[in-house]
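Note: hydrogens, waters and symmetry copies are ignored here, and every other heavy atom, side chains too, is used.
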Protein chains: 2
Amino acid sequence: MKNPPTVSRPANAANIKRVATVAAPVRSQVIEMLRTAITSGQFSPGQRLVEKDLCDMMGVSRPSLREALRQVESEGLIVTIPNRGPIVSQLSPRDVASIYEVRGALEALAAERFAAVASDEQVARLDVAVTELEAAYKTGDIEKIVVAKRAFYDVMLEGSGNSILPALLRTMNARITQLRRVSLSSPERAVNSLQEIRAVLNAIKQRDPEAAFKASLHHIKEASKVALASLEPSSR
Amino acid sequence: MKNPPTVSRPANAANIKRVATVAAPVRSQVIEMLRTAITSGQFSPGQRLVEKDLCDMMGVSRPSLREALRQVESEGLIVTIPNRGPIVSQLSPRDVASIYEVRGALEALAAERFAAVASDEQVARLDVAVTELEAAYKTGDIEKIVVAKRAFYDVMLEGSGNSILPALLRTMNARITQLRRVSLSSPERAVNSLQEIRAVLNAIKQRDPEAAFKASLHHIKEASKVALASLEPSSR
DNA sequence: TATCGTCAGATTGACAGACAGGATGATCAG
DNA sequence: CTGATCATCCTGTCTGTCAATCTGACGATA
């Protein structure tokens, strides 16, 4: 079939979003609550999550909660021990290094593709996002930085043209959020981080995918160093 | 009255596995069944999966089935439409390209890390795996090829030292299994594929991470081309 | 006859309650 | 103080129920 011009259907099938059917699926709310509670540190790593308690806490039934748990589990935020139930995941230093490696590979891919296929308008939007990120860093407010960084990635991922990258990176980021808050709070790291991001942006502006790839990879590797250093018992 | 004989033994008649050391959780069995049914093409893309039917089919309750569905959903094999339930995912050409991009990035990462950190013994095991893969290709038996390829990846991933890569790549592979069967069945592709894998192995033997990275990436890019080419003519 | 509204059936989303079995922890005997 | 026994907690799973929603068919109307 070649692009049927929808003559048979006068209905504007093109761009009408689903009407607010998505008011509040209980399950998604539970998932979101669990994610937030874990990434914000409200539940600490290794802590046991008793189903009944969570049900009471959130006011949902066990089946609903368990479905949510399964989803959060496959995102890696919790681990289920047979006949014992779920506990909040504990990241070993090796896990942290692994996550950063993967994140580096995927973000570098995103930057490379962005440089290759994004529209000029998207490049411009990325430029704006970086500027706003700089402003956020200057305030020193971690929440603002997180928001600005999310905006930056939103533009980057959309422009990369890859349909599965966003979900993957979102998961990776969720798993290291606690650590990232640490690394973000380091002032001297902030300066370097911004420079590195600028380098990515410049490579993209010049439409140089390879350079964008390398710059992005370098950025994550530096972030990884800081995060891992904050873990190591280097001083003892 | 259905009265399934579940007084004390779930007893799958024709399934004589090892003695019941492992209390095979119903849920994991269901997940495995769903994965297999989807990746093997038993359920076709777009097909609706009605909960009750699946329950009857597998002999489990709805809550158990739903938990399994949530997990399979977050692996990307099915998509849930609100108030309609799950359908088997349909991959657009863009999705396929995206998955191959990600897979390429991750496998290249694995090869690079393997070259950098694997033990000599692991390198030797990889060598063996490649040899066996060659043998499998020569038989032309797709099942054998799949098994040999899995063995190859098992060695590669273990030696890469990355703890989260295996799960990610397993998911990626599951999502394109149907297509991979197509690409694997192409005889002339087989020859090239083997050469590419040999190149990866050689780079690893020389402990050259960068070369391993590039060789691996090249391998996936070629596979991607074949897979995408097999899609183009019929679609659109 | 074609379009539209209505209604019934089919299914999902969600909940409550129940029960067996594995795991834990505390109590009691040696 | 150590080891065995038992009560208890909690998971894994099942059955049954109910409202909300989607779909498709039927019939009414212009």
Can you tell me the distance, in whole Å, between the [atom1] atom of [X] and the [atom2] atom of [N]?
| X | N | atom1 | atom2 | result |
| --- | --- | --- | --- | --- |
| B:Met58 | D:dT13 | CE | P | 14 Å |
| B:Glu67 | C:dT12 | CD | P | 17 Å |
| B:Ile87 | D:dC22 | CD1 | C1' | 15 Å |
| A:Ile31 | C:dA14 | CD1 | P | 10 Å |

Taking NZ, NE, NH1 and NH2 as the nitrogens, is one of them in [X] or [Y] under 4.0 Å from a carboxylate oxygen of the other?
| X | Y | result |
| --- | --- | --- |
| A:Asp154 | A:Arg150 | no |
| B:Glu67 | B:Arg70 | no |
| B:Arg35 | B:Glu75 | yes |

Revision key, fill the gap. Across all chains, not counting sequence neighbours, the salt bridge (charged side-chain N to carboxylate O under 4.0 Å, His left out) partners of A:Arg125 are A:Glu121, A:Glu158
Practice item. Considering just the side-chain nitrogens and oxygens of A:Ser64, establish if one lies under 4.0 Å of OP1 or OP2 belonging to C:dG13. Key: no
Point to revise | Those residues that, when tested against B:Ala136, pass side-chain contact (heavy atoms from CB on, under 4.5 Å) (two or more places apart) | key: B:Lys144, B:Ile145, B:Ala148
Any protein N or O atoms within reach of nucleotides 6-12 of chain D? Criterion: under 3.5 Å, listing atom names and distances.
unit_1	atom_1	unit_2	atom_2	d
D:dT11	OP1	A:Glu51	N	3.2
D:dG12	OP2	A:Arg66	NH1	3.3
D:dG12	N7	A:Arg62	NH2	2.7
D:dG12	O6	A:Arg62	NH1	3.2

Point to revise | CZ-CZ distance between B:Arg27 and A:Arg66, expressed to the nearest 0.5 angstrom | key: 6.0 Å
